[in-house]
Amino acid sequence: MRDVDRRTRVSRRIFLRGSATAVPAAAAAAAGMTVTAESAWAQAAKNLKPQTMATLVKAARDTYPHDRLADSYYITAVAVYDSADPTLRALMESGVAMLDAEAKKRFGTPYLDVLSETDRVSVLRAVEGSPFFKKLRGDLVVTLYNQKPVWVKFGYEGASADKGGYINRGFNDLDWLPEV
Amino acid sequence: MAQFDLNDDSVVCIVGSGAGGGTLGNELAQKGVKVVILEAGGRYEIPDFINDEWASFAQLAWKDMRTTSGKWRVARDFPNLPAWIVKAVGGSSIHWAGASLRFQDHEFKARSTYGAVQGANLLDWPVTLQEMEPWYAKAEDKLGVTGTNGIPRLPGNNNFKVLAAGARKLGYKEVHTGNMAINSQPRDQRGSCQQIGFCFQGCKSGAKWSTLYAEIPKGEATGNLEVRPNAMAIKIEHDARGKVTGVLYVDASGATQRQKARAVAVAGNSIESPRLLLNSASPMFPNGLANSSGQVGRNYMRHTTGSVYAVFDKPVHMYRGTTMAGIVRDESRLDTKRGFVGGYELETLSIGLPFMAAFLDPGAWGRGFTSALDDYSNMAGMWIVGEDMPQATNRVTLDAKAKDKNGIPVASVHFDDHANDTRMRDHAYRQGAAIYEAVGAVRTFPTTPYPSTHNMGTNRMSANAKDGVVNKFGQTHDIKNLFVSDGSQFTTGAACNPTLTIVALAIRQADAMTGMMSRGEI
Ligand SMILES: Cc1cc2nc3c(=O)[nH]c(=O)nc-3n(C[C@H](O)[C@H](O)[C@H](O)COP(=O)(O)OP(=O)(O)OC[C@H]3O[C@@H](n4cnc5c(N)ncnc54)[C@H](O)[C@@H]3O)c2cc1C
Ligand code: SF4
């Protein structure tokens, strides 16, 4: 069977245009970025505090954790929140403040510094019904999974009409079952 | 291409250009009848279609406001998206997968076959399979349905191979790649299926039948058909004698226009059609047009659906090739020993990663959910299509508060499963999982119904005027030059996808209407 090459193709074109989205996903992954407020992409946020940016990325991964996905995809997914819209910004800043308050209550540190995923998830569960979390989760379903480089990681090939369909590209190449 | 005057009252005005309206429009035009189709959506041709689930959804789907209530999960997960259908020339025949099955004999006689089912508003159709057979034959020929008219079935894709191997192991007999309105070889000036895999996003090879390119251009070529896109019908008007005289609509510029007509046919799909009739209430018809029975909007059906996805330890790549060319028919039989009346079909289904994330378990998050997606490329999937019970309380009404951009009350859709629906779905979930487990599934996922793709019953057919909205030709009992031409005519839903029946009824209706016109009845 024809499977899908899921390796990340690293491009050398790393350019920082001063916004989180300017970090090409593959480049960020290659640079081995970790999620801290000191990271260049967090510092480059225009409207949100770097700490807020970093916390959102962490919370995004904790909500939809895929060990095969580098942080860069989660960075891209939450980049939309670094918005000039004051209502959206306020929702995100107050939402992160809420996460931090809950984390401090339970574990004595802000969300970002809670070491175990299970503990961080317990914080998210506690705020699951909040408008902040509902928005974050609802948006991520699209902003995370609708990234084309993410599709490759899951073996989904996307558009096919431009390649002549799958008629000669494995629509019926499954070979591990008896033919019926 | 024809262009008719707004004051030309010799035209038949059809609302909606989908499976029902688009077919009726072409059929009438072929018979020399002048037709204006008003279509709320825009006109996109094959090159405009997008092989990308969300981008295509943004392009084609009906996204105007609707509201929901009831115990169905859709009301919680997608409160403003009760149905996943199209707003564009061609209607949902752009989205549809192409599965084209005939009703079985007993399915036209649900009330007398199943008896009185508590809480269900069952009724026999005023037509029989025998009466419908010639029209089904014409519809199958028009659609080029595989497995009929000597047309070979489609080749099975990977998703089908898994379904078929599992079903055979379980002892199911009627397992094949379906009766599909998809060309397996060139036919009707359209090419054959390239196994593109985006059947729901509009078939970019044109192999799949759609009114957009298989009916409407033929009608236009006669000079008798005009399709007006971006024309949202808001009210059907009538005269002092209670005959309809034309349709008010809002055009692309936002201006209100009046198209006069000798007859009006409503084909806006089962949510918008009753909405339009209800919004057309007048002093003479205070409960809405054609609603003396009180049945307009009631008996909303959506099939007992659901999906089963399964993960294997080897790759499947189910998204490659036809979305729905694969079926297990054995469970559609009449057999009440299973604990429910009616039956169901199991059909292959695949959705891409973006839609899988949105629909596998709406609202779910965390590792339990993401570990399922991690195995996306090793997944196979199927869809359940079962007969659901019509219930008077499952209903499209006008929302008391919400209005659209034209100031017209929006449709509100209320739905609760009947106990029979739930028992059937649970049975289908078990059988679906067993099929996949028989060939080594590691995990199976019974998946909640999506926003409705099959919408039926809200202007139902009845022999008796007090039981329904239209007669056996889709002509309203109350107003003889007002017709219903879409799935809202369905008295009951049967265990099969609705479109072949919608098309067969539309061909038959065109024949009946021209007869009525030539006899001077309308
Ligand atoms: C994803 C998907 C897959 C499907 N697969 C299958 C399948 O395999 N087999 C099958 O049998 N069926 C399938 N269906 C169902 C099938 O598409 C419908 O049954 C069929 O298209 C319904 O025909 P219709 O004429 O009732 O409505 P539609 O085809 O939806 O057409 C209605 C049209 O009316 C327009 N309209 C509505 N209100 C107004 C108004 N007020 N003014 C002007 N225009 C208006 C709409 O914009 C729309 O274009 C599928 C549907 C979907 C969404
Ligand atoms: S799989 Fe076939 S029918 Fe479906 S979109 Fe592709 S060419 Fe069209």
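We use all heavy atoms of the structure for the numbers below, so side chains are in, but hydrogens, waters and symmetry mates are not. Here is the naming used below: chain letters follow the sequence lines, and residue numbers restart at 1 for every chain.
Against chain B, the residues from residues 122-140 of chain A that qualify, each with a non-hydrogen atom under 4.5 angstrom away, are A:Leu124, A:Arg125, A:Glu128, A:Phe133, A:Arg137 in number order. Applying a 4.5 Å heavy-atom cutoff, none of the residues of residues 99-114 of chain A approach chain B.
Using a 4.5 Å cut-off between heavy atoms, A:Arg61 does not touch chain B at all. At a 4.5 Å heavy-atom cutoff, the contact between B:Asp52 and chain A is made by side-chain atoms alone.
A salt bridge between A:Lys163 and A:Glu157 is absent, with no side-chain N of the basic residue lying under 4.0 Å from a carboxylate O of the acidic one. In this structure, B:Arg73 pairs ionically with B:Asp361, as a charged nitrogen and a carboxylate oxygen lie closer than 4.0 Å.
Legend: residues meeting ring pair (Phe, Tyr, Trp, His ring centres under 6.0 Å) with B:Phe359, ordered by chain and number and at least two apart, are B:Phe78, B:Phe355, B:Tyr450. With sequence neighbours excluded, the residues satisfying ring pair (Phe, Tyr, Trp, His ring centres under 6.0 Å) with A:Tyr166 are B:Tyr319.
Between the side chains of B:Thr447 and B:Ser307, no donor-acceptor pair is found at a separation under 3.5 Å.
Put simply, the side chain of A:Arg68 gets close to the backbone of A:Lys153: a donor and an acceptor are under 3.5 Å apart. No donor-acceptor distance shorter than 3.5 angstrom exists from the side chain of A:Lys58 to the backbone of A:Val35, with no hydrogens or angles considered.
For A:Tyr156 and B:His317, the distance between ring centers is not under 6.0 angstrom.
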